[in-house]
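Only one structure is covered here, and it is reproduced in the block below.
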Amino acid sequence: MGCEAFVNHIITIKSLNHLKLNVMSIKLYKMAGILSLVILGACSPGGADYIEELDLVFTNYSDTYNFQSKKTYAIPDSVIKITGEHFNNPGSGRPAMVSPTYGNVIIAELKKNMAANGWTLVSKTSNPDVFILPSAMTTTNIYYWYDWAYWGWYYPGYYPGWGWYYPGYYPGYISGYRSGSVLVQLIDGASKQPGENIPVPWTAIFNGLAEGDSQGINARIVTGIAQAFTQSPYLKK
Amino acid sequence: MKKLFIPLMAMGLLSTSYAQQKSNFVMSYSIAMPAGSLSDYISSTSFRGISLEYIQRVTEKLDLGVESGWNVFYERVDNKVYTEGTASISGVQYRYTHAIPIILGGKFNFGGGSKVKPYGGLGLGTIYLNRNTEFGLYILNTDTWQFAVRPELGIRYEYAPGRGMLFGLKYYSASGNDDLDGQSFFSLNLGIVL
């Protein structure tokens with residue numbers, strides 16, 4: 001029950017009682033009513049004071065994937081912006097990108113944490129063991145199964161018609177209402193056949209209010225990405 | 001019809017005056033301390049609470065009463081990782097539990113004719129519980145009714161017949177159900193008897 005509803009409820013009871021009770025009782029009940037309002041005045045205590053207190057970091061992984069046997073990774077130099085489930089090709093074959101103000105920080109932080117966990121960065125054409133695919137969205141849903149065509153511009157040996165596949169787990173239950181999310185997918189680098197789904201052995205989501213100045217948002221992204229690696233010890237070599 | 005009406009009215013008047021002498025309304029400030037499963041979720045003492053009771057004297061030694069009230073439990077939990085299976089989620093949590101008991105019970109008065117009357121009682125009823133966990137931008141809500149047994153001990157000081165103050169300790173022992181484990185708590189009550 002909401003605070004206001006309960007207080008209104010008390011007020012309603014009080015005003016009904018006025019009809020029935022004598023003057024003395026009205027005084028007593030008024031006192032009781034006022035006292036209850038004072039006691040319950042702050043009936044929803046606390047709550048978040050700072051925007052970063054609303055930040056969440058969600059990670060999930062496939063426990064059948066052998067992370068220890070993988071050592072190299074490739075990562076694009078931009079973060080794609082997912083605007084919906086379907087990819088609307090703007091002509092260049094590249095989707096809209098997140099502004100480099102944020103994108104560069106996301107990429108740099110992912111590289112820093114991958115290095116700290118013992119992974120070696122290689123180019124996308126050097127048969128990396130895994131790819132790290134960073135994306136961001138400010139939509140009401142997080143699109144875990146967004147159109148693979150978003151990555152057509154980057155991924156070597158790309159086939160249209162691929163889908164996503166989260167082996168043995170569901171990526172997350174977070175939805176992105178009023179919020180901004182950074183979605184990081186770690187995918188296996190082995191070559192795939194047309195029509196296959198792409199396994200995503202590790203998923204990380206950083207979610208929070210997409211508000212504040214860029215410095216503030218970037219500081220929260222840095223903390224969030226570092227936390228994603230901290231709570232995923234299986235990525236460490 | 002008239003003949004029947006007059007005795008009914010007289011009975012009504014009599015019972016009203018009887019009730020005015022023999023019944024009390026108790027309003028207390030309630031400080032609540034979580035126990036058991038509730039204290040695992042929120043360990044902080046709650047200073048936001050109220051208890052309202054209507055008591056009817058049956059004999060010199062025995063009162064019957066009905067009570068309700070409202071206790072608000074709250075705690076902030078610092079950034080922490082919660083893991084279930086392969087999934088982990090971290091963030092700050094704001095935890096709330098609203099407890100609204102509705103209890104019927106009896107009180108046994110030990111004090112005889114003196115102004116200071118110790119009492120002990122036992123009540124049965126239900127507690128409406130509303131649990132909110134604010135986690136990031138999301139709120140996880142559970143609300144449920146649990147069966148409750150409520151023993152109590154206290155002292156009532158009457159400065160005039162039927163008027164006084166009260167200091168008591170209650171224990172709300174709630175039984176778990178499918179929604180939540182039993183959300184039990186102690187409550188210290190400082191009240192006025194009207």
Is chain B contacted by the side chain of A/Y61, its backbone, both, or neither, given a heavy-atom distance below 4.5 Å? both
Chain B contacts: which residues in residues 225-237 of chain A have a non-hydrogen atom closer than 4.5 Å to it? A/Q227, A/Q231
Checking side-chain contact (heavy atoms from CB on, under 4.5 Å) for the pair A/Y50/B/V92: CA distance, chi angles, key distance, verdict? CA-CA 11 Å; A/Y50 302 99; B/V92 176; over 6 Å; no
Does B/M33 CE have over 12 foreign heavy atoms under 6.0 Å away? yes
Enter the distance from A/L54:CG to B/F135:CZ here, rounded to the nearest 0.5 Å. 11.5 Å
Over 12 foreign heavy atoms within 6.0 Å of NZ, A/K70: yes
